[in-house]
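First comes the structure, then the notes that go with it.
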Amino acid sequence: MAITDMLKGVRIPGAVVTINVAGVGGVQNLFQQSNMLVAQVGTRSFRIKKLMIQNAAAGNCYVHIGTGIAVDRFPPIYSINGMTDEYGENEIPQYEFFADATAYADVLIALGAILISCEVEEIG
Amino acid sequence: MELYPHKSGIGGMEPIALQDQNVALHYGTGTYYRKVTFSEAIPPFQAIDVGALAAGATSVRTAMTRLDMPDEEFAQFRWYPIDNIICRLWIPNTVGKYKLLAWQSYVDQTIISRDPCLHLTEFFVWEQNRPSVEAMNPMDYALLASRIIVMGFRYVSTEIKDAALLNSFKAGTAPCTHIWASGIGS
């Protein structure tokens, strides 16, 4: 029944991504849109359901989540030095991604890094 | 209790006809009397992506070619959109479905809460007489896709030629399920 679309969908984790270059030059792919056989299976989009961000001594910074390079899809997330941030679907706008999700940090101290991963629900 | 494949009891979708059962398939002004020789389920799939839609825009009427059936086959489908679009259906391209005198009803995402088993979206496709859909974007921002999920059953059938049996169908004295694979009027 179509009502299953209303229930929790299939959740897919992304890889742990390391951002160790500050600014848009350090943008990393957070989750890759499925482009498998679009003519056979159709267009697949996704929504981010969970975000986990570990500030590995990167200094306080803003983490930008979006598409492409510097196209934010959420307001930037303020990450505090050494802290772990976790956001669930109740806290994340359910923006629907039709392209790879990307992330970058605006500033990093030397040798600092942001580790980030997400969990998505695919739609298609 | 009747037992047959794809049985789902209360709710869900059940086949319109079972093995060796007869249907009177109406398409336009024609009626095709068919006997079901094979049936199978068609799991939900993305039947069409009408494409990107500007804010407030309506797509062109787009044929759903993935729903074409081989010769001598028909299908029973239910559907719902997975993008925020309002969809109207035509079978064939110039004959509307879900029609009233001054209104043509539509299917949008609310259908999965208002009609969870999608009973009222059901339509039939006879051979390559595919439906067409128009998608409308009701919002103040553009959509990147306009996708529709379809599911149902496929039936392979043979023509019934027995004159006496055909007369019985027309007289209503022999069992036959009537289905419409098109709209009526314009």
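Each chain gets a letter, A, B and so on, in the order the sequences are listed, and its residues count up from 1.
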Among residues 90-110 of chain A, residues within the sub-4.5 Å heavy-atom range of chain B, in order of number, are A:Glu96, A:Phe98

Within 6.0 Å of CE in A:Met83, more than 12 heavy atoms from elsewhere: no

For chain B, which residues from residues 58-69 of chain A have at least one heavy atom closer than 4.5 Å to it? none

Has the side chain of B:Arg147 got a donor or acceptor atom that lies under 3.5 Å from a matching backbone atom of A:Thr43? yes

Same apolar cluster: B:Phe169 and B:Trp126, side chain cutoff 4.5 Å: no

Counting only heavy atoms not in B:Tyr106 (residues, nucleotides, ligands), do more than 12 fall under 6.0 Å from its OH? no

A quick test of your reading: do over 12 heavy atoms of other residues, nucleotides or ligands sit less than 6.0 Å from CZ of B:Arg66? yes

Find out if a path of hydrophobic residues (ILVMFWY) with successive side-chain heavy-atom gaps under 4.5 Å connects B:Met136 to B:Val133. no

Tell me the residues of residues 44-58 of chain B whose non-hydrogen atoms fall below 4.5 Å from those of chain A, in number order. B:Gln46, B:Asp49

Which pairs pass salt bridge (charged side-chain N to carboxylate O under 4.0 Å, His left out) with one or both residues in residues 122-135 of chain B, sequence neighbours excluded? B:Arg61-B:Glu134, B:Asp68-B:Arg130, B:Arg78-B:Glu122

Taking atom CD1 of B:Ile82 and atom OG of A:Ser45, what is their separation to the nearest 0.5 Å? 6.5 Å

Given the rule that I, L, V, M, F, W and Y join up when any side-chain heavy atoms are under 4.5 Å apart, are A:Tyr87 and A:Phe74 in one cluster? yes

